[in-house]
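Report on the structure given below.
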Amino acid sequence: MQAAQKVEHVRPPNAPKDAKLLEIRAKCVYEDDKLLDHLKLAMKRDIPHFFPSPAHDHEIVLVGSAPSIQNHVEDIRRLKNEGAYVVAIKAAHDFLIGHDIIPNIALMVDPQPHIVQCFQKKRDDVYYFIASQCNPIVFDYFKDSKGVLWHLLTGKEGEQEAINHEIALGGGSTSGMRAMTLAWAMGFRKFHLFGYDSSLPSKDSKQLKIDGTEIKEPEPFELWIDGKHFWSNPAMSAQATEFEKVMNSFKGQIQVRVWGEGAIPHLAACRLKRGLTDVVDGPFKPIPCSKDYFKV
């Protein structure tokens with residue numbers, strides 16, 4: 001057990017005098033009873049279930065839906081051509097296919113039915129990983145596709161019984177964070193992250209996702225991270241906070257390269273500056289794997 005470390009919260013020199021530590025508490029849009037109904041219905045579907053794989057040396061590309069991915073189309077294409085596995089998260093699916101980059105997996109977590117709008121360019125050669133908490137309408141939409149059922153760990157009462165005690169993956173409140181733990185369970189240890197901005201380019205920028213979705217309420221606020229400020233909202237700020245927690249949970253046994261600009265790329269750069277080995281800004285290094293490296 002490691003000794004607890006004292007954390008000094010230092011006010012950035014350029015931060016407003018009334019700046020305060022940010023505390024975000026994420027909450028699902030659906031109540032637990034409705035989510036449990038989704039789980040039970042999902043378990044009745046004739047669909048393959050996800051189970052973990054042992055650790056391996058392949059690279060994975062996780063593509064979020066932040067607008068910045070339009071600046072990295074050729075980077076993603078090159079990595080896929082070099083053999084990396086590509087996961088499209090929500091709106092990144094249609095964007096990548098529209099640029100002739102076919103993801104290996106498309107990922108969805110949201111329990112609301114409108115999530116299907118992110119997957120209008122369905123393909124027979126893409127595996128659609130559908131979280132068991134997803135709406136039955138989503139399962140109906142993908143009934144003729146290559147679907148895979150997987151579970152989120154939320155800790156709600158009755159969850160484990162509803163999923164027959166199959167593996168459930170932790171993470172954070174967003175699809176992007178859950179994608180990281182799913183990639184881990186698939187055996188990947190070398191991650192590329194695209195579209196993980198968790199901030200807006202400017203106060204006046206309203207585009208939240210690559211599909212044109214705009215930020216509504218609340219209005220963006222100024223978020224300070226290690227002396228640098230970003231324009232953010234509660235959901236994006238929560239994801240940035242959860243990025244640190246998820247990275248720490250891997251205990252240095254992965255390597256992550258975060259592409260682009262924004263809050264999470266800045267957090268990654270801060271980890272690199274602190275000498276942590278779980279972030280790289282160039283080629284990955286060999287990762288030793290022992291027999292105890294990954295257990296379920």
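Starting from 1, each residue takes its place in the sequence as its number. Because the structure is predicted, anything quoted here is derived from the model rather than measured.
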Just by distance, do the side chain of [X] and the backbone of [Y] share a donor-acceptor pair under 3.5 Å?
X: Arg178; Y: Leu169; answer: yes
X: His99; Y: Ile101; answer: no
X: Ser237; Y: Pro234; answer: no
X: His266; Y: Ile225; answer: yes
X: Asn164; Y: Glu166; answer: no
X: Glu244; Y: Thr241; answer: no
X: Ser175; Y: Met108; answer: no

With rounding to the nearest 0.5 angstrom, report the [atom1] to [atom2] distance, [X] to [Y].
X: Phe51; Y: Trp150; atom1: CZ; atom2: CH2; result: 14.5 Å
X: Leu182; Y: Ile105; atom1: CG; atom2: CD1; result: 6.5 Å
X: Phe188; Y: Tyr85; atom1: CZ; atom2: OH; result: 6.5 Å
X: Lys156; Y: Gln160; atom1: NZ; atom2: CD; result: 10.5 Å
X: Thr154; Y: Leu35; atom1: OG1; atom2: CG; result: 7.5 Å
X: Thr174; Y: Asp110; atom1: OG1; atom2: CG; result: 11.0 Å

Contact between [X] and [Y] at the side-chain level, heavy atoms closer than 4.5 Å - yes or no?
X: Asn248; Y: Arg271; answer: yes
X: Leu79; Y: Glu82; answer: yes
X: Val61; Y: Pro103; answer: no
X: Leu96; Y: Ile102; answer: no
X: Lys40; Y: Met43; answer: no
X: Leu200; Y: Met236; answer: yes
X: Pro52; Y: Met186; answer: no
X: Val256; Y: Phe250; answer: no

Minimum-distance pair of heavy atoms, taken over all atoms of [X] and [Y]:
X: Gln120; Y: Asp94; result: N-OD2, 3.0 Å
X: Asp125; Y: Lys146; result: CA-NZ, 4.4 Å
X: Asn104; Y: Lys80; result: OD1-CE, 4.2 Å
X: Ile60; Y: Ala183; result: CD1-CB, 3.8 Å
X: Gln133; Y: Leu152; result: NE2-CD2, 3.7 Å
X: Ile264; Y: Ala240; result: CG1-CA, 4.0 Å

Self-check item: Verdict with supporting geometry, Thr277 and Gln255, side chain to side chain donor-acceptor pair (under 3.5 Å)
Solution: CA-CA 7 Å; Thr277 59; Gln255 293 176 42; over 6 Å; no
Quiz item: Tell me, which pairs form a side chain to side chain donor-acceptor pair (under 3.5 Å) where one or both residues lie in residues 191-200, sequence neighbours left out?
Solution: Glu59-His192, Ser68-Asp197, His192-Trp259, Ser198-Gln239
Quiz item: Does the distance from a Lys or Arg side-chain N to an Asp or Glu carboxylate O, for Arg257 and Asp281, drop under 4.0 Å?
Solution: no
Quiz item: Below 4.0 angstrom, N of the basic side chain to O of the carboxylate: do Lys245 and Glu242 qualify?
Solution: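 Salt bridge between Lys245 and Glu242, a charged N being under 4.0 Å from a carboxylate O: no.
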Quiz item: In this structure, are over 12 heavy atoms from other groups packed under 6.0 Å from Tyr127 atom OH?
Solution: no
Quiz item: Can His229 and Glu222 be counted as having a side-chain donor-acceptor contact under 3.5 angstrom?
Solution: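 Yes, because at least one side-chain N or O of His229 sits under 3.5 Å from a partner of the opposite role on Glu222.
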State yes or no: do [X] and [Y] share one hydrophobic cluster built from I, L, V, M, F, W and Y residues joined by side-chain heavy-atom distances below 4.5 Å, directly or via other members?
X: Val109; Y: Val148; value: yes
X: Leu107; Y: Ile254; value: yes
X: Val116; Y: Phe139; value: yes
X: Val63; Y: Ile97; value: no
X: Val86; Y: Ile130; value: no

Practice problem: Flag this pair as yes if the NZ/CZ of Lys90 is under 6.0 angstrom from the six-membered ring centre of Phe95 and inside a 45 degree cone about the axis; otherwise no. | Solution: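 Judged by the rule, Lys90 and Phe95 form no cation-pi pair.
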Quiz item: Of Arg77, Arg78, His72, which meets side chain to side chain donor-acceptor pair (under 3.5 Å) against Glu74?
Solution: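 Output: one option passes, namely Arg77.
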Quiz prompt | Derivation of the side-chain contact (heavy atoms from CB on, under 4.5 Å) call for Leu39 and Glu159 | solution = CA-CA 8 Å; Leu39 301 186; Glu159 177 181 71; 4.1 Å; yes
Practice problem: Could you check Asn135 against His38 for side-chain contact (heavy atoms from CB on, under 4.5 Å), going step by step and ending with a plain yes or no? | Solution: CA-CA 6 Å; Asn135 197 286; His38 285 185; 3.8 Å; yes
Exercise. Start with the C-alpha gap between His151 and Phe50, add the side-chain angles, then the distance that decides, and say whether ring pair (Phe, Tyr, Trp, His ring centres under 6.0 Å) holds.
Key: CA-CA 8 Å; His151 308 296; Phe50 169 77; 9.4 Å; no
Practice problem: Would you sort out whether Arg189 and Trp184 count as a side-chain contact (heavy atoms from CB on, under 4.5 Å), showing the intermediate values? | Solution: CA-CA 6 Å; Arg189 301 295 182 263; Trp184 163 272; 3.3 Å; yes
Exercise. Determine, step by step, whether Phe142 and Phe119 satisfy the side-chain contact (heavy atoms from CB on, under 4.5 Å) criterion, reporting the C-alpha distance in whole Å, the side-chain angles of both residues, the deciding distance to 0.1 Å, and the verdict.
Key: CA-CA 10 Å; Phe142 289 106; Phe119 304 95; 3.6 Å; yes
